[in-house]
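Take a look at the structure below.
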Amino acid sequence: MIKRSLLYLLLLAFVLAGCGSGEHKTSAKTILLKEVFGNDFLIGAAVSREQLAQKDRVGAGLLPHFNALTPENIMKSERLMSAWQTYHFSAADSLVAYCQNNNIILNGHTLIWHSQMPPFIEQIRSIDSFRTFFTSHIKTVAGRYAGKLQSWDVVNEALNEDGSLRQSVYYQKLGENYISEAFRLAEQADPHAELYYNDYNNEMPAKRAGCIKLIKKMQAEGIKINGVGIQGHWHVGKLPLKEIEESILEYAALGIKLAITELDIEVLPRNFTGAEISQRMKADPATNPYVGSLPDSVKQQQAKDYADLFSLFLKHKDKISRVTFWGVHDGQSWLNDWPVPGRTNHPLLFDRDGKPKPAFYSILTTKP
Ligand code: XIL
(Lines give C-alpha, C1' and ligand atoms only; values in the text may rest on other atoms or scores of the structure.)
Protein backbone atom coordinates (compact mmCIF):
# COMPACT_ATOMS: atom_id res chain seq x y z
CA MET A 1 0.00 0.00 0.00
CA ILE A 2 1.28 3.48 -0.87
CA LYS A 3 2.33 5.42 2.26
CA ARG A 4 0.10 8.36 3.05
CA SER A 5 2.94 10.91 3.24
CA LEU A 6 4.21 9.75 -0.14
CA LEU A 7 0.77 10.26 -1.59
CA TYR A 8 0.69 13.81 -0.21
CA LEU A 9 4.17 14.45 -1.57
CA LEU A 10 3.01 13.38 -5.01
CA LEU A 11 0.00 15.66 -4.72
CA LEU A 12 2.24 18.56 -3.73
CA ALA A 13 4.55 17.94 -6.70
CA PHE A 14 1.50 17.79 -8.91
CA VAL A 15 0.23 21.15 -7.66
CA LEU A 16 3.64 22.85 -7.77
CA ALA A 17 3.96 21.69 -11.35
CA GLY A 18 0.72 23.61 -11.98
CA CYS A 19 -1.20 20.58 -13.22
CA GLY A 20 -4.88 19.73 -13.13
CA SER A 21 -6.64 22.56 -11.30
CA GLY A 22 -9.85 20.49 -11.31
CA GLU A 23 -8.07 17.65 -9.60
CA HIS A 24 -6.84 19.53 -6.56
CA LYS A 25 -10.32 20.65 -5.75
CA THR A 26 -11.40 17.04 -5.64
CA SER A 27 -8.37 16.00 -3.59
CA ALA A 28 -8.94 18.74 -1.03
CA LYS A 29 -12.55 17.73 -0.75
CA THR A 30 -11.61 14.19 0.02
CA ILE A 31 -8.70 15.09 2.32
CA LEU A 32 -10.01 16.99 5.32
CA LEU A 33 -7.49 18.70 7.58
CA LYS A 34 -9.30 17.46 10.67
CA GLU A 35 -8.97 13.90 9.46
CA VAL A 36 -5.24 14.33 8.88
CA PHE A 37 -4.36 16.18 12.10
CA GLY A 38 -7.32 15.29 14.31
CA ASN A 39 -5.34 12.87 16.46
CA ASP A 40 -2.47 15.30 16.94
CA PHE A 41 -4.20 18.52 18.01
CA LEU A 42 -7.42 20.34 17.30
CA ILE A 43 -7.33 22.04 13.94
CA GLY A 44 -9.35 25.24 13.82
CA ALA A 45 -10.25 28.39 11.94
CA ALA A 46 -11.64 31.82 12.70
CA VAL A 47 -15.20 31.85 11.43
CA SER A 48 -17.04 34.95 10.23
CA ARG A 49 -20.68 35.96 10.49
CA GLU A 50 -20.88 35.83 6.69
CA GLN A 51 -19.81 32.18 6.66
CA LEU A 52 -22.37 31.19 9.27
CA ALA A 53 -25.06 33.00 7.29
CA GLN A 54 -23.90 31.23 4.08
CA LYS A 55 -23.18 34.64 2.51
CA ASP A 56 -19.53 33.69 2.09
CA ARG A 57 -20.24 30.41 0.34
CA VAL A 58 -16.59 29.70 -0.42
CA GLY A 59 -15.72 29.95 3.26
CA ALA A 60 -18.79 28.08 4.45
CA GLY A 61 -17.92 25.22 2.10
CA LEU A 62 -14.47 24.87 3.66
CA LEU A 63 -15.62 24.75 7.30
CA PRO A 64 -15.78 20.92 7.29
CA HIS A 65 -11.97 20.95 7.30
CA PHE A 66 -11.97 22.12 10.90
CA ASN A 67 -13.01 20.54 14.17
CA ALA A 68 -12.61 23.74 16.17
CA LEU A 69 -13.79 27.29 15.53
CA THR A 70 -13.03 30.69 17.01
CA PRO A 71 -15.35 33.60 16.24
CA GLU A 72 -13.33 36.11 14.22
CA ASN A 73 -15.38 39.02 15.59
CA ILE A 74 -18.76 37.75 16.82
CA MET A 75 -17.86 37.55 20.53
CA LYS A 76 -15.83 40.76 20.80
CA SER A 77 -17.33 43.36 23.15
CA GLU A 78 -17.92 45.76 20.25
CA ARG A 79 -20.22 43.20 18.63
CA LEU A 80 -21.88 41.96 21.81
CA MET A 81 -22.82 45.30 23.35
CA SER A 82 -23.82 48.73 22.13
CA ALA A 83 -24.30 50.50 25.46
CA TRP A 84 -24.16 49.90 29.20
CA GLN A 85 -25.86 46.55 29.87
CA THR A 86 -27.26 46.46 26.33
CA TYR A 87 -26.27 43.12 24.86
CA HIS A 88 -26.95 41.64 21.43
CA PHE A 89 -26.43 37.92 21.56
CA SER A 90 -28.16 36.59 18.46
CA ALA A 91 -25.03 36.08 16.30
CA ALA A 92 -23.08 34.53 19.17
CA ASP A 93 -26.04 32.31 20.08
CA SER A 94 -26.21 31.08 16.46
CA LEU A 95 -22.50 30.31 16.47
CA VAL A 96 -22.81 28.31 19.69
CA ALA A 97 -25.79 26.40 18.27
CA TYR A 98 -23.92 25.76 15.00
CA CYS A 99 -20.99 24.27 16.89
CA GLN A 100 -23.20 22.16 19.10
CA ASN A 101 -25.19 20.83 16.13
CA ASN A 102 -22.07 20.03 14.13
CA ASN A 103 -19.94 18.64 16.92
CA ILE A 104 -17.37 21.42 16.67
CA ILE A 105 -15.22 22.61 19.56
CA LEU A 106 -15.66 26.33 20.23
CA ASN A 107 -13.07 28.72 21.63
CA GLY A 108 -14.47 32.02 22.90
CA HIS A 109 -12.60 35.11 21.71
CA THR A 110 -12.31 37.27 23.73
CA LEU A 111 -13.55 38.54 27.10
CA ILE A 112 -11.07 41.32 27.92
CA TRP A 113 -9.24 43.18 25.15
CA HIS A 114 -8.34 46.83 24.68
CA SER A 115 -9.44 46.81 21.00
CA GLN A 116 -12.82 46.50 19.30
CA MET A 117 -14.72 47.76 22.34
CA PRO A 118 -17.96 49.76 22.24
CA PRO A 119 -17.04 53.45 22.68
CA PHE A 120 -18.86 53.84 26.01
CA ILE A 121 -16.24 51.73 27.82
CA GLU A 122 -13.49 54.32 27.43
CA GLN A 123 -15.89 57.02 28.58
CA ILE A 124 -16.66 55.44 31.94
CA ARG A 125 -15.21 57.87 34.48
CA SER A 126 -15.58 56.34 37.89
CA ILE A 127 -13.43 53.40 38.89
CA ASP A 128 -16.41 51.77 40.61
CA SER A 129 -18.53 51.93 37.46
CA PHE A 130 -15.64 50.59 35.41
CA ARG A 131 -15.22 47.69 37.81
CA THR A 132 -18.96 47.03 37.64
CA PHE A 133 -18.79 46.90 33.85
CA PHE A 134 -15.72 44.62 33.94
CA THR A 135 -17.24 42.18 36.42
CA SER A 136 -20.64 42.11 34.85
CA HIS A 137 -19.28 41.69 31.30
CA ILE A 138 -17.31 38.56 32.17
CA LYS A 139 -20.15 37.14 34.28
CA THR A 140 -22.76 37.86 31.62
CA VAL A 141 -20.88 36.56 28.59
CA ALA A 142 -18.98 33.62 30.07
CA GLY A 143 -22.06 32.77 32.17
CA ARG A 144 -24.40 32.74 29.17
CA TYR A 145 -22.31 30.15 27.35
CA ALA A 146 -21.15 28.17 30.38
CA GLY A 147 -20.68 24.50 29.52
CA LYS A 148 -21.01 25.18 25.79
CA LEU A 149 -17.50 26.36 24.95
CA GLN A 150 -14.33 24.41 25.45
CA SER A 151 -12.15 27.42 26.16
CA TRP A 152 -11.96 31.19 26.44
CA ASP A 153 -9.28 33.65 25.47
CA VAL A 154 -9.91 35.42 28.76
CA VAL A 155 -7.45 38.27 28.26
CA ASN A 156 -6.02 39.25 24.89
CA GLU A 157 -2.81 41.24 24.29
CA ALA A 158 -2.07 42.61 27.75
CA LEU A 159 1.69 42.83 27.16
CA ASN A 160 4.06 45.27 25.50
CA GLU A 161 6.88 44.05 23.27
CA ASP A 162 9.40 44.39 26.12
CA GLY A 163 7.29 42.12 28.31
CA SER A 164 5.92 44.88 30.52
CA LEU A 165 2.19 45.33 31.00
CA ARG A 166 0.38 47.40 28.39
CA GLN A 167 -1.12 50.61 29.75
CA SER A 168 -4.56 49.68 28.47
CA VAL A 169 -7.77 51.17 29.78
CA TYR A 170 -8.12 48.07 31.97
CA TYR A 171 -4.67 48.56 33.47
CA GLN A 172 -5.24 52.26 34.00
CA LYS A 173 -8.58 51.80 35.70
CA LEU A 174 -8.06 48.58 37.63
CA GLY A 175 -4.30 48.21 38.06
CA GLU A 176 -2.17 45.20 37.20
CA ASN A 177 -4.37 42.73 39.04
CA TYR A 178 -7.11 43.06 36.45
CA ILE A 179 -5.70 40.05 34.61
CA SER A 180 -5.89 37.71 37.61
CA GLU A 181 -9.30 39.14 38.38
CA ALA A 182 -10.55 38.44 34.84
CA PHE A 183 -9.45 34.80 35.11
CA ARG A 184 -11.05 34.45 38.54
CA LEU A 185 -14.36 35.83 37.27
CA ALA A 186 -14.22 33.63 34.15
CA GLU A 187 -13.71 30.54 36.30
CA GLN A 188 -16.65 31.48 38.49
CA ALA A 189 -18.88 32.05 35.47
CA ASP A 190 -17.87 28.90 33.58
CA PRO A 191 -16.03 26.50 35.89
CA HIS A 192 -15.37 23.90 33.18
CA ALA A 193 -13.97 26.15 30.44
CA GLU A 194 -10.24 26.08 29.80
CA LEU A 195 -8.89 29.55 30.37
CA TYR A 196 -6.20 30.98 28.08
CA TYR A 197 -4.04 34.08 27.97
CA ASN A 198 -3.60 35.08 24.29
CA ASP A 199 -1.10 37.43 22.62
CA TYR A 200 0.99 38.09 19.51
CA ASN A 201 4.79 38.04 19.45
CA ASN A 202 4.80 36.22 22.79
CA GLU A 203 7.14 33.71 21.15
CA MET A 204 9.83 36.44 21.01
CA PRO A 205 12.23 36.39 23.99
CA ALA A 206 11.39 39.64 25.81
CA LYS A 207 7.64 39.39 25.45
CA ARG A 208 7.78 35.66 26.18
CA ALA A 209 9.62 36.38 29.44
CA GLY A 210 6.90 38.87 30.39
CA CYS A 211 4.23 36.32 29.51
CA ILE A 212 5.90 33.63 31.60
CA LYS A 213 6.18 36.05 34.51
CA LEU A 214 2.48 36.84 34.22
CA ILE A 215 1.50 33.18 34.13
CA LYS A 216 3.75 32.31 37.07
CA LYS A 217 2.27 35.16 39.08
CA MET A 218 -1.24 33.85 38.44
CA GLN A 219 -0.18 30.32 39.30
CA ALA A 220 1.37 31.55 42.55
CA GLU A 221 -1.89 33.32 43.39
CA GLY A 222 -3.82 30.10 42.84
CA ILE A 223 -5.61 31.46 39.77
CA LYS A 224 -6.82 28.90 37.26
CA ILE A 225 -5.01 29.35 33.94
CA ASN A 226 -4.99 26.38 31.57
CA GLY A 227 -3.10 27.67 28.62
CA VAL A 228 -1.36 30.30 26.58
CA GLY A 229 -2.16 31.24 23.01
CA ILE A 230 0.50 32.36 20.57
CA GLN A 231 -1.44 34.14 17.85
CA GLY A 232 1.02 33.27 15.07
CA HIS A 233 0.69 36.16 12.62
CA TRP A 234 3.90 35.51 10.73
CA HIS A 235 5.52 36.72 7.53
CA VAL A 236 6.56 34.61 4.54
CA GLY A 237 10.26 33.71 4.58
CA LYS A 238 10.72 35.12 8.08
CA LEU A 239 9.39 32.55 10.50
CA PRO A 240 10.97 32.76 13.96
CA LEU A 241 11.18 28.95 14.15
CA LYS A 242 13.85 28.86 16.85
CA GLU A 243 11.86 31.20 19.08
CA ILE A 244 8.67 29.25 18.44
CA GLU A 245 10.29 26.00 19.50
CA GLU A 246 11.84 27.59 22.61
CA SER A 247 8.41 28.96 23.46
CA ILE A 248 6.69 25.60 23.06
CA LEU A 249 9.18 24.13 25.53
CA GLU A 250 9.17 27.01 28.00
CA TYR A 251 5.40 27.36 28.16
CA ALA A 252 4.98 23.60 28.48
CA ALA A 253 7.41 23.66 31.42
CA LEU A 254 4.84 25.80 33.25
CA GLY A 255 2.45 22.88 33.11
CA ILE A 256 -0.05 24.63 30.84
CA LYS A 257 -1.31 23.99 27.33
CA LEU A 258 -0.12 25.87 24.27
CA ALA A 259 -2.36 26.78 21.36
CA ILE A 260 -1.49 28.51 18.11
CA THR A 261 -4.59 30.64 17.96
CA GLU A 262 -4.53 32.91 14.89
CA LEU A 263 -2.17 31.41 12.35
CA ASP A 264 -1.50 33.11 9.03
CA ILE A 265 1.60 33.71 6.91
CA GLU A 266 1.23 36.99 5.08
CA VAL A 267 3.06 37.81 1.88
CA LEU A 268 2.86 41.61 1.67
CA PRO A 269 5.50 44.02 2.95
CA ARG A 270 5.05 45.57 6.35
CA ASN A 271 7.41 47.89 8.22
CA PHE A 272 6.67 46.48 11.67
CA THR A 273 5.89 43.09 13.21
CA GLY A 274 3.12 42.02 15.54
CA ALA A 275 -0.61 42.48 15.26
CA GLU A 276 -1.64 45.63 17.10
CA ILE A 277 -4.77 46.45 15.15
CA SER A 278 -4.61 50.21 15.81
CA GLN A 279 -1.19 50.37 14.10
CA ARG A 280 -1.45 51.51 10.47
CA MET A 281 0.84 51.85 7.48
CA LYS A 282 0.68 54.40 4.65
CA ALA A 283 -1.06 53.12 1.52
CA ASP A 284 1.38 52.73 -1.36
CA PRO A 285 0.74 50.65 -4.51
CA ALA A 286 4.31 49.32 -4.24
CA THR A 287 3.26 47.43 -1.10
CA ASN A 288 0.43 45.68 -2.95
CA PRO A 289 2.22 43.73 -5.67
CA TYR A 290 0.06 40.56 -5.90
CA VAL A 291 -3.33 41.91 -6.90
CA GLY A 292 -3.70 39.54 -9.85
CA SER A 293 -2.18 36.39 -8.44
CA LEU A 294 0.60 35.17 -6.21
CA PRO A 295 3.83 34.28 -8.06
CA ASP A 296 4.88 30.64 -7.85
CA SER A 297 8.09 31.48 -6.02
CA VAL A 298 6.13 33.08 -3.17
CA LYS A 299 3.59 30.25 -3.14
CA GLN A 300 6.45 27.80 -2.75
CA GLN A 301 8.17 29.76 -0.01
CA GLN A 302 4.86 29.96 1.83
CA ALA A 303 4.33 26.22 1.35
CA LYS A 304 7.77 25.57 2.82
CA ASP A 305 7.09 27.88 5.77
CA TYR A 306 3.80 26.16 6.56
CA ALA A 307 5.48 22.75 6.29
CA ASP A 308 8.28 23.84 8.63
CA LEU A 309 5.71 25.03 11.13
CA PHE A 310 3.60 21.90 11.00
CA SER A 311 6.69 19.69 11.30
CA LEU A 312 7.53 21.59 14.48
CA PHE A 313 3.96 21.37 15.77
CA LEU A 314 3.88 17.62 15.13
CA LYS A 315 7.25 17.17 16.82
CA HIS A 316 5.74 18.75 19.93
CA LYS A 317 2.17 17.60 19.51
CA ASP A 318 2.04 16.39 23.12
CA LYS A 319 2.40 20.04 24.17
CA ILE A 320 0.03 21.63 21.64
CA SER A 321 -3.71 21.62 22.17
CA ARG A 322 -4.88 23.41 19.02
CA VAL A 323 -3.70 25.05 15.82
CA THR A 324 -6.20 27.61 14.50
CA PHE A 325 -5.92 29.55 11.24
CA TRP A 326 -7.11 33.15 11.31
CA GLY A 327 -9.65 32.68 8.58
CA VAL A 328 -10.50 30.01 6.07
CA HIS A 329 -9.52 31.42 2.68
CA ASP A 330 -7.41 34.32 1.41
CA GLY A 331 -10.45 36.43 0.51
CA GLN A 332 -11.62 36.43 4.13
CA SER A 333 -8.30 37.35 5.70
CA TRP A 334 -8.11 40.46 7.87
CA LEU A 335 -4.68 41.04 6.28
CA ASN A 336 -6.39 42.35 3.14
CA ASP A 337 -7.38 45.38 5.22
CA TRP A 338 -4.71 45.69 7.85
CA PRO A 339 -2.43 47.58 8.31
CA VAL A 340 -3.46 49.09 4.97
CA PRO A 341 -7.05 48.82 3.73
CA GLY A 342 -7.78 47.29 0.35
CA ARG A 343 -4.64 45.25 -0.36
CA THR A 344 -4.67 41.74 -1.80
CA ASN A 345 -2.99 39.41 0.67
CA HIS A 346 -2.61 35.62 0.38
CA PRO A 347 -1.89 34.29 3.88
CA LEU A 348 -3.96 31.10 4.21
CA LEU A 349 -4.12 27.56 2.83
CA PHE A 350 -7.02 28.18 0.45
CA ASP A 351 -7.20 30.84 -2.26
CA ARG A 352 -10.11 33.19 -2.95
CA ASP A 353 -11.95 30.50 -4.91
CA GLY A 354 -11.53 28.03 -2.08
CA LYS A 355 -8.91 26.07 -4.01
CA PRO A 356 -6.14 24.53 -1.91
CA LYS A 357 -2.78 26.23 -2.42
CA PRO A 358 0.61 24.49 -2.37
CA ALA A 359 0.69 25.31 1.36
CA PHE A 360 -2.30 23.02 1.87
CA TYR A 361 -0.50 20.06 0.32
CA SER A 362 2.81 20.90 1.95
CA ILE A 363 1.42 20.59 5.47
CA LEU A 364 -0.02 17.20 4.57
CA THR A 365 3.48 16.00 3.71
CA THR A 366 4.63 16.68 7.28
CA LYS A 367 2.59 13.75 8.57
CA PRO A 368 4.91 10.81 9.19
C1 XIL B 1 -9.17 40.97 13.59
C2 XIL B 1 -10.30 40.48 12.69
O3 XIL B 1 -9.85 39.40 11.93
C4 XIL B 1 -10.78 41.61 11.80
O5 XIL B 1 -11.93 41.22 11.05
C6 XIL B 1 -11.10 42.85 12.62
O7 XIL B 1 -11.45 43.92 11.78
C8 XIL B 1 -9.92 43.23 13.49
O9 XIL B 1 -9.54 42.13 14.29
N10 XIL B 1 -5.50 39.79 16.95
C11 XIL B 1 -6.69 39.31 17.45
C12 XIL B 1 -7.85 39.21 16.55
O13 XIL B 1 -6.72 38.83 18.59
O14 XIL B 1 -9.06 39.35 17.24
C15 XIL B 1 -7.77 40.21 15.41
O16 XIL B 1 -8.86 39.94 14.52
C17 XIL B 1 -6.45 40.11 14.70
C18 XIL B 1 -5.31 40.41 15.66
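All residue numbers in this chain count up from 1 along the given sequence. Whatever order the structure lists ligands and atoms in, that order sets their numbers, starting from 1. None of these values were measured; they are calculated from a predicted model.
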- [ ] Using the test side-chain contact (heavy atoms from CB on, under 4.5 Å), find all partners of D93 that sit at least two apart in sequence or belong to another chain.
- [x] F89, R144, Y145
Open item on the list: As a test of reading the model: which residues have a non-hydrogen atom less than 4.0 Å away from ligand 1?
Closed with: E72, N73, K76, H109, W113, Q116, N156, E157, Q231, H233, E262, A275, I277, W326, W334
- [ ] May I ask you to establish whether K207 and Y200 are in a cation-pi arrangement, using a distance under 6.0 Å from NZ or CZ to the six-membered ring centre and at most 45° from the ring axis?
- [x] yes
- [ ] Not counting sequence neighbours, which residues clear side chain to side chain donor-acceptor pair (under 3.5 Å) with S77? List them please.
- [x] none
- [ ] Would you please name every residue forming a side-chain contact (heavy atoms from CB on, under 4.5 Å) with A193, sequence neighbours left out?
- [x] W152, D190, L195
Open item on the list: Using 30° and 60° as the class boundaries, would you call the ring planes of F325 and F310 parallel, tilted or perpendicular?
Closed with: parallel
TODO: Using a strict 4.0 Å threshold on nitrogen-to-oxygen distance, state whether E187 and R184 make a salt bridge.
DONE: no
